[in-house]
Amino acid sequence: MTAGPAEAIGIPPGFGEIIDSHAHVGEIPALGLTDPPEKIVGLLDDAGIGRAVVMTYTELPGYDPNALEYVASAVAKFPDRLIGYARLHPWFEREAADFLHEAIHDYRMKGLKLHPVGTLAHPAEQASLRLIRLAAEYRAPVLFHCGDEPFTTPLTIAIAAARVPEAMLILGHMGGYFHVDEAIEVAERYPNVILETSAMPYPARIRDAVSRIGAGRVMFASDGPGCRPGLELRKVLKAGLTVEQLRLVLRDNIVALMAGVRH
Amino acid sequence: MVRAVDALAFLGPSLFGRGQDGPELERLMSALDVDVCVAIAARPPDYDLTPANEAVAALASSSEGRIIGLVRVDPNRSDAAVNVQRGLDELALRGLFLHPGEEHFRITDRRVIAAVEPCAQGGRPVVVASAYPWLSEALQVADLARRFPDTTFVMTNGGQFNISGMGQQDVSLALEMYPNLVIQTTGVYRQDFLERVASGLGPDRIMFGGGSPVFDASYEILRARLANLDAGGREAILGGTASRVFGL
């Protein structure tokens, strides 16, 4: 019997499903991005990854007024492969709240994505905190872009974690290139912070994170399709985690988060 | 068999705590099936680059062609150009390495020009630790390339560190404007960026750099080996471009 793609790159036999907790769908000509859902699903197939959390590249309200429907239709087309998050702009208080309700209640999406570089909404400003609190009422996780830019660094997002302790905040990219130490320190300080591995280029820092905050608060993601899921998965495998730790990082942590969402 | 060239490895003890010695580098090359490596002195704890460059040259001369070296200087120092010339002539190093982030200077600083001159006159490449905000952003490196159109400049880190890819438009513009610019793959955000550069401008504008020991070269080499390109494109990134630029 031929090994599947996941086994071929070092996933233990019989490991079960792998879930990518941060990927994208969307078609934004202005950004040169044409990423229909078939694209990420094909890349998941190539990498032996079962499902992916997907979101758009732009916020609502914003460039694409049908962004929520786009994600919903992608999930409807691939219900066994894709899970939706709503990417929203905190400054539009009423609309963002309505979109979040629609996303989680009507479309049964599982989380909120905030990208402060795009919105210029500071994570600790009232508009952001209101939306984070609302997500917490649904018990929906909030995935932040967390890199090296102003508005996105771990210590900035940490203020939101401190002010809304009932929310689960995911630091996507776990600090990027130069803020990984701070991301791990923030996660040590705040139990409502989870680190997410996409695009951050240092496999050893995933091992550091797991040893310091536990595998229960580190999650695999690719930021695909631009960042190839297969390559990102290999990065996690290079971190030298135990099979038990891999189960948490590659699947169980995101499953537990999704199971807690109140629709 | 395709020749693999790792175009970026740091050698010696580092002020920043991530050193690598010659035997470690040789073992890494063997483990990754890398045929040739471009070695550069790490920033030494005593701040003295002269013995660090000599150590790189000694390793290169004893490596039977497996390792070549670049001379690293600090353009803030008045003897930078002299040390570049000595590195090329006496130490047989193949080009110049500048690290604006660690030596702290803007790559557009006029003092850099004097350090680059010996390479420009000798037809040697210049590798710039690129993507450091305010110091070596893509268009800043491009401005140096504009001054020396016959010299090849290599931008490490794909020319940008932003994990939203916000610097990639500048990198693309820089590559389009200056054919003497090349990027390395180390730590690049989004594999499709490399693929777009390869398809739009040619894979001969990209070279693999492992970046050890700061980066994990065993992971970084996968960016080249798994790139969604034809075999010729992958071969160029994995070794062809570096072979041309460094005269291997």
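In what follows, chains are A, B, ... by sequence order, proteins preceding strands, each numbered from 1. These numbers come from the heavy atoms of this one structure, side chains and all, not from hydrogens, waters or symmetry mates.
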Asks: Heavy atom to heavy atom, less than 4.5 Å: which residues from residues 169-188 of chain B reach chain A?
Replies: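 The residues closer than 4.5 Å to chain A, in numerical order, are B:G187, B:V188.
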Asks: Quick one, A:D223 and B:R190 - any side-chain contact, counting heavy atoms below 4.5 Å?
Replies: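 A:D223 does not reach B:R190 side chain to side chain.
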Asks: Is it the case that atom CZ in A:R212 sees more than 12 heavy atoms from other parts of the structure closer than 6.0 Å?
Replies: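 Counting other residues, nucleotides and ligands, CZ of A:R212 exceeds 12 neighbours.
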Asks: Listed by residue number, which members of residues 207-219 of chain B have a heavy atom under 4.5 Å from any heavy atom of chain A?
Replies: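 Answer by number: B:V214, B:F215, B:D216, B:S218, B:Y219.
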Asks: Counting only heavy atoms closer than 4.5 Å, note whether A:L33 contacts chain B via side chain, backbone, both or neither.
Replies: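 Contact with chain B: side chain only.
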Asks: CG of A:D46 to CG of B:L226: how many Å apart, nearest 0.5 Å?
Replies: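 Reported to 0.5 Å precision, the distance equals 11.0 Å.
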Asks: May I have all residue pairs that pass ring pair (Phe, Tyr, Trp, His ring centres under 6.0 Å) and include part of residues 154-177 of chain B, sequence neighbours excluded?
Replies: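 Passing the test, one end in residues 154-177 of chain B: A:Y177-B:F161, A:F178-B:F161, B:Y132-B:F161.
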Asks: How far does OG of A:S198 sit from CD1 of B:I163, to the nearest 0.5 angstrom?
Replies: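 It comes to 6.5 Å.
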Asks: Sequence neighbours excluded, which residues qualify as side chain to side chain donor-acceptor pair (under 3.5 Å) partners of B:D109?
Replies: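 Partners of B:D109 by the side chain to side chain donor-acceptor pair (under 3.5 Å) criterion, ordered by chain and then number, come out as B:R111.
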Asks: Does any heavy atom of chain B fall under 4.5 Å from the side chain of A:K235, the backbone, both, or neither of them?
Replies: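 Both parts, backbone and side chain.
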Asks: What's the spacing between A:R228 CZ and B:L194 CG if we round to 0.5 Å?
Replies: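 Here the rounded value is 9.5 Å.
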Asks: First locate atom CZ of A:R234, then atom CZ of B:R223, and finally report the distance between them rounded to the nearest 0.5 Å.
Replies: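 One gets 13.0 Å once the value is rounded to the nearest 0.5 Å.
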Asks: Can you see which heavy atom on A:H145 is nearest to which on B:S164, and at what distance?
Replies: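 Looks like CE1-OG, 3.0 Å.
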